[in-house]
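Just below is one structure, and these are the notes that go with it.
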Amino acid sequence: MHYEGNIIRPPSEANSILLQVTVGCSRNKCTFCGTYSGERFRIKPDSIIMEDIAFAAQYAKRQRRVFLCDGDALIIPQKRLLKILREIQKQLPWITRIGAYANAKSLKMKSLDELKALRARGLGIVYMGLETGDDVTLKAINKGAASERMIEMGKKAKEAGFKLSITVLLGIAGRERSRIHAEETGRVLSAIDPDYVGALSLMLIPGTPLFNDHETGKFALIEPDEMLAELRTMIASTNLTKGLFHANHASNYLPIKARMPRDKEATLNLIDQALAGRIALKPEYLRAL
Ligand code: SF4
C-alpha cells in the first residue's frame, strides 16, 4: 500500500484496511490540530488508489472494513469517489462497510442525492469532528462552520443513510467557557442525534496555534477534574434517542461507554463518584493520543 505523511483513523477503524485516497486535510486550519501541519492537501492519483485496492484484494482478505484516509475523503469529486467505491465493491466483495472522515464543508458540497449515491455504493459511516457546539469557541478554533451549519450537515449525513459518529473535545474552550461549551455541545448533539459520540480530552500539540496561545498565557488548559466536570455537564445536556456516548479514548481520564438514554443516569453517577475521589482517574503517563 502507498502511504504518505501522517495516517490517522478513528479508534473503531483499528482493524480496517486503511486506503489512503487523499493526503492531508482540505481545511488544515483548526488551531488545535497538528495532524497534517505542513502537508499540502491533495487527492492521490487514481492509478495509485487502484493499485492499492488491487493489493488489498490480494493480501487483506480477512479484513471486513475499509477506511478512506486522510482527513477529508468526502471532498473528492463525486465521479471519482464513486469510481473508488465501485472498485472496492468489485475487487473486495467481502467488505461490509466503508468509512471516511467528513466535515461540514464537504457535506455541504455534496447534494443529498449524491450522498445517497455514495451510501448505495457502500460508504456506510462518516466521522465528523464537531469539537464543540459553542459558536464562540468554534470561531476561536477556526473550525470553519458555526453550530447551525454543523447541525444541518449532521442531519444531512443521517438523512443520506450514513451511520454518523461525532467527535467532541473536552477542554477545547479553556476555563472560562468550559460550562457553556459543555451545554452548547449537548444542545448540538441532541439536535443531530448521531449514532455515536466520542469525547476526547484535549492534548496540546507543539507547533499549533493553540499550543502557542497556551505558552503565552492566552489559553488555559483545564485540569483533569475540570474536564470530568465538563463531561458531566455535556452528558447531562445531551439527549440522544439511541446513540452510544464514548469517552474511552486513550486521551481520557475516566473511561466511559454509555448507551443513551438507558445509561445516562448511571454514567452521571459514575462521574460524580470520580469527582468525589471515590474512583481513581487515569494517571497522566497512561494518556496518549
Ligand atoms: S481538525 Fe480535522 S478539519 Fe481541522 S485541520 Fe485537523 S483534520 Fe482538518
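Just so you know, ligand 1 is whichever comes first in the structure, and atom 1 is the first atom listed for that ligand.
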*Should Arg149 and Glu152 be marked as a salt bridge (Lys or Arg N to Asp or Glu O under 4.0 Å) after you check the CA-CA gap, both sets of side-chain angles, and the distance that decides it?*
CA-CA 5 Å; Arg149 173 62 53 81; Glu152 198 189 327; 3.7 Å; yes
*asked:* Same cluster or not: Ile151 versus Met109, using hydrophobic residues (I, L, V, M, F, W, Y) connected whenever any side-chain heavy atoms lie under 4.5 Å apart?
replied: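 Yes; Met109 is reachable from Ile151 via cluster members.
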Report, in ascending order of atom number, the atoms of ligand 1 lying under 4.0 Å from any heavy atom of [X].
X	value
Asn28	5 (S), 8 (Fe)
Lys143	1 (S), 3 (S), 4 (Fe)
Lys29	5 (S)

*Give the contacting part of Phe32 toward ligand 1: side chain, backbone, both or neither, where contact means a heavy-atom distance below 4.0 Å.*
side chain
*Identity of the nearest option to atom 8 (Fe) of ligand 1, non-hydrogen atoms only, from Gly129, Cys25, Cys30*: Cys25
*Arg9 CZ: over 12 foreign heavy atoms closer than 6.0 Å*: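 Yes, enclosed.
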_For atom 6 (Fe) of ligand 1, the protein heavy atom that lies nearest, with its residue and separation_ =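 The closest heavy atom on the protein side is Cys33 SG, 2.4 Å.
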*Would Asp46 and Arg80 count as a salt bridge (Lys or Arg N to Asp or Glu O under 4.0 Å) if you check the C-alpha gap in whole Å, the side-chain angles of each, and the deciding distance to 0.1 Å?*
CA-CA 8 Å; Asp46 282 357; Arg80 279 178 81 177; 3.3 Å; yes
_Pair Lys242 + Asp195, salt bridge at N-O below 4.0 Å_ = yes
